[in-house]
Amino acid sequence: MSSAQSIFGPRYLALSIGIILAAMTIGFEGLAVTTVAPAIAGDLQGLHLFGWIFSAYLLAQIVGTLVIGRQIDRSGPALLFTIAILLFAIGLIVAAVATNMYVLIGSRALQGFGAGAMYTCIYTAISLSYPDELRAKILGALGTAYVLPSMLGPYVAGVIAQQWSWRFVFWGVLPFLLLAVILSLPVFRKLKIPRVQASNEAGGVVGLSVLLAIGTGLFLSGLGMLPKALGIVLLVIGLALMIQPLRKLLPSGTFTFRSGLSSLIASRGLFFAAYVCTQNFLVLALTNTKGLSADSAGLIVASAALSWCIVAILQARWDAADQGRGRNKRIIAGILLMILGIAIMVWVPALNIVLAVIGEIIAGIGIGLAHTISGTLAFSFSKEGESGQVSGSLQFADSFTPGVAVGIGGDVHGEWNYSSYGV
């Protein structure tokens, strides 16, 4: 392969390294929090709010991804990327000094907005800068950005939480974020976007995104209060507030699985929600029920991230070999493998640690196929001037459905009875 057709060739080297480092920072923080979340909830006496550690983060991504996704097509990614980084950094600092669970949840919302906006800028950069034949490769490389976090993040976070405090996990992410800024921001400043006619859509998107986040929060809060009357009221109000924003913000035909981008976004949201839920609650199940230490539980979770990375690298070669003709089949195969891996962890009686690792590896292979290829396929539907919208839709799928699913999981398991995991 010539350097001109390599993501690390002279033309793409700086951009590739910049976005990979930014993605690695987000991935490290996410995997670390998954490991130390039980310690955070216990220390801040907020085990009943455990699910909100993740839901606040994921739901805030709704606002960040959709607003930035529309705005980026008009103003470019550089300024928005800077704002996103600042919000993410502030969220890390607030989390490190949080004195109660509500402040911690608020800090996670700031992190979620920043991370969602950062990833939208990254996806937009990919759509604008790389030809179709290289997109599978750069998305695969983003998967490899999880290699270091998956190998070290959960384990190191567990050791830090055990030996010192979970607060140092958040402080420790800041130097990596600074390095990512130094290397990637100059690249984003050089990106040029196709000029599109200005519209008043951005303001409407802000309102709809905020309304959706509020409605979803009310829905999850109400669900946690059932069967009390207040819970029923909040649940109904939340659902009512969610309907219109979902209809307006998602691609037309998403709920009916219309062929094309609509069905792709719908399926991505569903299978990624299943993966995120399994990862977030498995650590709590292993530490609280199996009695594993946080670092040991983190290593088990890391096995899925590692297999995800390996497959993300391989799928780029497969995509080049068949020139993208097998993308749909690989997505289907990935989803089926995720179902198998999760089934091993959740439904097999008397699950042991070995089976947990096996299930994690299989699920990681599945998400490595389905998630990476679905992103590549989505960009093929992008028209001129719509890169930001497609990027926002991808991030929406990665935040809204998982956020709701994790919140529901936290409410359903409010008393933390993890016998359904079999662990």
Side-chain angles (χ1 to χ4, degrees), residues 3 6-33 57 60-61 64-65 68-69 71-72 75-97 107-108 110-130 134-135 137-153 156-157 160 167-193 305 309 312 387-388 391 395:
S3 61
S6 169
I7 60 173
F8 296 113
R11 180 176 178 181
Y12 302 106
L13 178 62
L15 179 59
S16 296
I17 293 177
I19 61 178
I20 287 172
L21 282 172
M24 181 178 292
T25 303
I26 298 172
F28 185 95
E29 192 268 351
L31 286 165
V33 171
Y57 181 98
Q61 284 185 313
T65 58
I68 299 302
Q71 187 62 37
I72 205 171
S75 59
L79 176 60
L80 300 175
F81 189 66
T82 302
I83 294 173
I85 289 172
L86 288 174
L87 289 175
F88 190 75
I90 292 171
L92 291 172
I93 295 171
V94 174
V97 300
S107 73
R108 290 290 288 162
L110 284 174
Q111 294 168 35
F113 187 100
M118 286 171 65
Y119 251 118
T120 300
C121 292
I122 290 171
Y123 281 141
T124 301
I126 292 172
S127 179
L128 291 173
S129 302
Y130 298 87
L134 290 184
R135 286 173 186 158
K137 295 180 175 63
I138 186 59
L139 288 172
L142 285 181
T144 65
Y146 271 84
V147 170
L148 182 59
S150 68
M151 292 298 293
L152 298 180
V156 171
I160 291 173
R167 299 179 187 276
F168 289 104
V169 172
F170 293 103
W171 288 119
V173 175
L174 287 171
F176 294 97
L177 183 63
L178 177 61
L179 180 61
V181 171
I182 293 173
L183 293 174
S184 61
L185 189 56
V187 181
F188 277 87
R189 287 175 176 169
K190 297 177 182 179
L191 291 178
K192 303 296 182 181
I193 62 172
C309 296
S387 299
S391 299
Q395 272 299 99

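Residue numbers count from 1 along this sequence.
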(Q) Within the 4.5 Å heavy-atom criterion, are Leu174 and Ile93 side-chain neighbours or not? (A) yes

(Q) Counting C-beta onward and ignoring hydrogens, is there a side-chain heavy-atom pair between Phe81 and Thr120 closer than 4.5 Å? (A) no

Q. When rounded to the nearest 0.5 angstrom, what distance separates CZ in Phe88 from OG in Ser107?
A. 10.5 Å

Q. Checking side chain to side chain contact (heavy atoms under 4.5 Å, CB included) against Thr25, which of Val173, Ile20, Leu178 comes through?
A. Val173

Q. Which atoms form the tightest heavy-atom contact between Gln111 and Ala95, and what is the distance?
A. NE2-CB, 3.5 Å

Q. So, for Met118 and Leu177, which heavy atoms are closest and what is the spacing to 0.1 Å?
A. CE-CD1, 4.2 Å

Q | Val94 side chain reached by Ile90 side chain, heavy atoms, under 4.5 Å | A | yes

**Q.** Reported CD1-to-OG distance for the pair Ile7 and Ser16, which is rounded to 0.5 angstrom
**A.** 5.0 Å

**Q.** For the student: nearest non-hydrogen atoms of Ala22 and Ile122, plus distance
**A.** CB-CD1, 3.9 Å

Q: Could you tell me which non-hydrogen atom of Phe170 sits nearest to which non-hydrogen atom of Leu92, and how far apart they are?
A: CB-O, 3.6 Å

